[in-house]
Amino acid sequence: MTSKAQILSAVRRTPLPLRELPPHAGPWLTFADRAGQFATSLASVGGVCLAARDVAAIRAALETLPQITAAKKVCSPLPELGVGNVSLPDVATPHDLEDVDVAIVPGEFAVAENGAVWVNARGLKHRAILFLVQHLVLVVRGDAVVNTMHEAYARLEFAEPGFGVFISGPSKTADIEQSLVIGAHGPRSHTVFLLEAAP
Amino acid sequence: MTPSTPTQHPDLAAKFVADEDRMHWHDQALWFVRLKRDKMARALPEWEELRERAAAIKAHTMSRLADYLEQFEAQATRCGAQVHWARDAAEHNAIVLSILQAHGVTRVVKSKSMLTEECHLNPCLEQQGIEVVDTDLGERIVQLAGQPPSHIVLPAIHLKKEDIGALFHQHLQTEAGASDPKYLTEAARQHLREKFLNAQAGITGVNFAIAETGGFVVCTNEGNADLGVSLPRLHIACMGIEKLIPRAADLGVFLRLLARSATGQPITTYSSHFHGPAPGGELHVVLVDNGRSGILASDDFRRSLNCIRCGACMNTCPVYRRSGGYSYNATIPGPIGSILSPTRDAQAYASLPSACSLCGSCTDVCPVKIDLHHQLLTWRGELRKRGLLPWSKRLAMWGLGWLMQHPRLYNFAGRMARWVVPCLPRGLIYNRMNAWGRQRELPAMPKHSFRELYSKRHDQ
Ligand code: SF4
């Protein structure tokens with residue numbers, strides 16, 4: 001008998017009465033001002049939320065962020081933004097992204113209750129870019145802010161193979177005496193632009 | 001970890017407690033995490049509803065676990081992952097080793113996985129000349145120190161920053177005497193970045209596996225799991241069979257509970273959803289039983305499989321906080337570890353269910369509503385039935401049981417004690433036989449027993 005057959009038969013050996021699977025709907029939290037709540041949540045986890053009327057406003061705001069103006073290598077898979085000097089499709093291996101300072105990446109939607117943004121790696125040749133850069137900037141449509149994780153999953157489908165991640169703030173650790181340190185292995189800063197008009 | 005001689009929690013705890021300052025510091029550090037959790041729980045009006053849902057989803061999953069495992073395998077395969085089945089730790093290690101060897105891998109980065117700790121994967125790979133670097137900062141710290149994690153979420157919670165400074169000075173050439181957490185974290189960042197960039201394979205644990213989609217979720221704050229599996233082409237994910245959930249949308253419930261319960265964060269920084277390998281890469285998922293099907297068969301302890309490893313029961317446990325993770329001598333310490341460990345080896349871990357005051361705080365905080373303290377009590381009865389309690393405990397319980405069955409004698413003994421004990425010299429009361437009296441005073445003897453007071457009031 002294969003290990004699989006042995007495990008399954010061991011699991012099936014004790015027939016258990018069927019327990020009901022609860023529905024997804026529930027008395028879940030809602031916020032009057034979802035974008036405002038998102039900004040508050042994001043600040044509490046070490047990130048920064050900035051509102052921008054359009055792409056030009058993002059470009060202008062980027063020029064005021066010291067971590068971006070000091071950057072030598074910027075990768076932005078958002079063509080309409082017109083910034084960046086590293087083109088992801090031309091990079092052969094993710095290891096070549098090691099010295100990229102900033103990535104500016106689209107996020108699909110944001111979650112008000114916890115400051116998370118859903119990033120789908122579909123358009124990214126190397127998903128490592130999200131974790132390897134020193135500073136991460138996400139651009140999300142301002143009307144794409146959901147209340148809670150329940151609403152988040154209602155929007156998500158996993159029909160195709162792929163990779164997606166909720167990112168809530170910069171990489172962090174508190175493994176040394178519970179002292180919070182920002183910038184563990186991944187990005188040291190995390191900025192989210194909520195865009196009024198679609199990019 | 002199965003110790004060759006039975007673990008005696010009181011003996012191991014005594015070592016930890018001997019350093020009183022450190023014990024208090026440890027206690028406070030964990031209590032601080034517990035308070036952060038409370039704040040988060042109170043901020044959500046639906047907290048109790050979430051716990052109910054989580055418990056119900058897990059109970060449902062366990063009642064149909066084999067079906068969900070088959071569904072998961074089919075869906076994961078459809079996504080392009082290769083699924084392996086391991087009955088026990090040895091088979092798990094052999095599978096991982098053979099995948100690595102088939103790819104000629106000698107350098108591996110690993111993110112936090114209690115399962116690979118349980119299976120002792122690292123020494124097994126190291127014996128074959130494969131370097132395994134734990135990349136979670138806390139885990140790297142204990143790995144450099146040659147220790148196992150002392151907590152499932154905060155692996156190095158027992159170490160002070162000065163200890164870590166000394167360790168890093170020795171291994172990472174940081175400045176002697178430097179203990180600033182920021183400085184030390186930066187040193188680890190540089191050290192581990194090089195490991196990530198040179199690794200040939202990444203191993204991760206799994207927080208949740210989704211039967212419906214064949215994907216799985218890994219949660220970290222540091223981003224170490226993601227770096228570890230987005231640079232090398234080979235990703236091996238190791239999971240216990242109890243990690244399944246039926247639907248992706250069930251994650252809405254679990255991700256809302258996990259980080260809030262674990263560290264008082266609204267969600268972990270990264271909640272990564274893997275469906276199939278990265279383009280051009282390879283993904284292997286190893287499903288491990290290692291005793292879980294046996295626990296599933298037990299009506300008493302089945303619910304312990306619902307654990308999502310948040311660590312909240314440890315942070316709140318008055319015994320864990322004061323005795324430290326190592327006093328349990330088990331991969332998983334604390335209340336949940338004291339239930340799981342005896343299911344592996346009842347004799348070796350017979351002292352753990354008694355390392356509990358039955359205060360019930362663990363049950364109150366558990367996000368999936370495991371009745372932890374009830375199960376610990378059940379274990380005590382079970383251990384007695386199996387004759388696994390030490391003679392001192394058996395004798396005391398037998399004596400007390402006998403006395404309680406003879407009410408007159410019991411009353412007489414009580415009266416004698418109230419009369420005699422206050423007159424005895426200290427040496428007679430506080431000696432080796434009186435384990436209770438080693439660290440504390442006996443309460444002052446009351447003039448009257450409860451029974452006497454009760455009947456007096458009743459008569460009035
Ligand atoms: S038993 Fe409950 S509280 Fe303890 S680690 Fe598991 S899920 Fe968390």
Side-chain angles (χ1 to χ4, degrees), chain A residues 2-4 6-8 10-14 16-22 24 26-29 41 45 94-95 98 113-116 126-128 130-132 148-150 152-154 156 158 161-179 181 183-186, chain B residues 29 32 44-46 49 53 56-57 59-60 62-63 65-66 69 79-80 85-87 91 137-138 141 154 156 160-161 164 181-182 184-185 189 192 197 213 215 221-224 226-227 230-231 246 248-249 251-252 255-256 265-267 269-276 278 289 293 296-297:
Chain A
T2 61
S3 297
K4 173 184 169 183
Q6 283 188 38
I7 293 171
L8 288 175
V11 169
R12 288 205 166 99
R13 196 167 304 141
T14 326
L16 298 175
L18 179 67
R19 301 285 295 271
E20 216 178 306
L21 186 59
H24 297 307
W28 315 132
L29 205 59
S41 300
V45 295
H95 299 78
E98 189 216 337
E113 69 162 325
N114 56 24
H126 302 294
R127 68 184 192 217
L130 297 169
F131 313 105
L132 206 48
T148 62
M149 293 301 282
H150 308 288
Y153 281 103
L156 289 173
F158 300 98
F163 175 83
V165 55
F166 284 105
I167 307 181
S168 168
S171 155
K172 58 181 87 63
T173 182
D175 274 344
I176 301 180
E177 275 200 19
Q178 285 298 298
S179 311
V181 179
H185 303 293
Chain B
F32 171 68
L44 282 192
E46 63 253 41
E49 180 69 29
R53 297 279 176 110
I57 295 167
H60 165 81
M62 293 306 155
S63 74
L65 186 59
L69 284 165
C79 290
W85 301 74
R87 282 159 308 172
E91 192 173 13
L137 176 58
I141 291 168
L154 318 159
K160 292 197 167 189
K161 55 181 194 266
I164 298 165
K182 225 172 150 178
L184 295 176
T185 302
R189 176 185 171 103
L192 285 167
L197 287 164
T213 66
N221 279 322
E222 300 179 6
N224 55 314
D226 292 292
L227 275 173
S230 58
L231 290 164
L251 290 164
L255 292 195
R256 294 189 80 194
Q265 293 170 261
I267 188 171
T269 304
Y270 302 101
S271 310
S272 304
H273 296 54
F274 297 90
H275 284 84
D289 181 343
S293 55
L296 188 71

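Numbered from 1 within each chain, the chains take letters A, B, ... in sequence-line order. As the structure is a prediction and not an experimental result, all values here were calculated from the model.
Within 6.0 Å of atom CZ in Arg19(A), 12 or fewer heavy atoms from other residues, nucleotides or ligands are found, so the atom counts as exposed in its surroundings.
Residue Pro181(B) touches chain A through both its backbone and its side chain, counting heavy-atom pairs closer than 4.5 Å. Interface residue Ile57(B): backbone and side-chain heavy atoms are both found under 4.5 Å from chain A. Of the atoms belonging to Thr2(A), not a single heavy atom falls under 4.5 Å from chain B. Contact annotation for Val181(A): only side-chain heavy atoms (C-beta onward) come within less than 4.5 Å of a heavy atom of chain B. For Thr14(A), the part lying under 4.5 angstrom from a heavy atom of chain B is the side chain only. Heavy-atom distances place the side chain of Ile164(B), and not its backbone, under 4.5 Å from chain A. Using a 4.5 Å cut-off between heavy atoms, Leu192(B) touches chain A through its side chain atoms alone. At a 4.5 Å heavy-atom cutoff, the contact between Glu113(A) and chain B is made by backbone and side-chain atoms alike. Using a 4.5 Å cut-off between heavy atoms, Leu137(B) touches chain A through backbone and side chain atoms alike. Residue Ala152(A) does not touch chain B at all, counting heavy-atom pairs closer than 4.5 Å. Contact annotation for Gln265(B): only side-chain heavy atoms (C-beta onward) come within less than 4.5 Å of a heavy atom of chain A.
Ranked by heavy-atom pairs under 4.5 Å with chain A, the first of Ile141(B), Leu227(B), Leu296(B) is Leu227(B). Of the residues considered (Gly223(B), Gly215(B), Gly138(B), Gly276(B)), Gly138(B) shows the highest number of contacts with chain A, using heavy-atom pairs under 4.5 Å. The greatest number of non-hydrogen atom pairs below 4.5 Å with chain A, out of Asp289(B), Ile267(B), Leu154(B), Leu255(B), is found for Ile267(B). Of the listed residues (Gly164(A), Ala10(A), Gly26(A), Pro94(A)), the greatest number of heavy-atom pairs within a distance under 4.5 Å of chain B belongs to Gly164(A). No other option in Gly169(A), Ala128(A), Gly162(A), Ser179(A) has as many heavy-atom pairs under 4.5 Å with chain B as Gly162(A). Counting heavy-atom pairs closer than 4.5 Å to chain B, the top residue among Glu98(A), Gln178(A), Glu177(A) is Glu177(A). Per-residue counts of heavy-atom pairs under 4.5 Å with chain B were compared for Leu16(A), Leu130(A), Thr148(A); the largest is that of Leu16(A).
Considering all non-hydrogen atoms of both residues, Arg189(B) and Gly186(A) come closest at NH1-O, 2.6 Å. Contact detail for Thr213(B) and Ala248(B): the closest heavy-atom pair is CG2-CB, 4.3 Å.
Checked by atom type and distance alone, the side chain of Ser3(A) never pairs as donor or acceptor with a backbone atom of Arg87(B) at under 3.5 Å. At least one donor-acceptor pair under 3.5 Å links the side chain of Asn221(B) to the backbone N or O of Thr269(B). No side-chain donor-acceptor contact under 3.5 Å links Thr173(A) to the backbone of Ala184(A). Under the 3.5 Å distance criterion, the side-chain polar atoms of Arg12(A) are left unmatched by any main-chain donor or acceptor of Leu65(B).
Between Ser272(B) and Asp226(B), the side chains place a donor N or O and an acceptor N or O closer than 3.5 Å (distance only, hydrogens not considered).
Checked against the 6.0 Å centroid criterion, the rings of Phe166(A) and Tyr270(B) do not qualify as a close aromatic pair.
Between Phe131(A) and Phe163(A), the ring-plane angle classifies as perpendicular under the 30° and 60° cut-offs.
Distance NE2/His150(A) to CG/Leu29(A): 9.0 Å, rounded to 0.5 Å.
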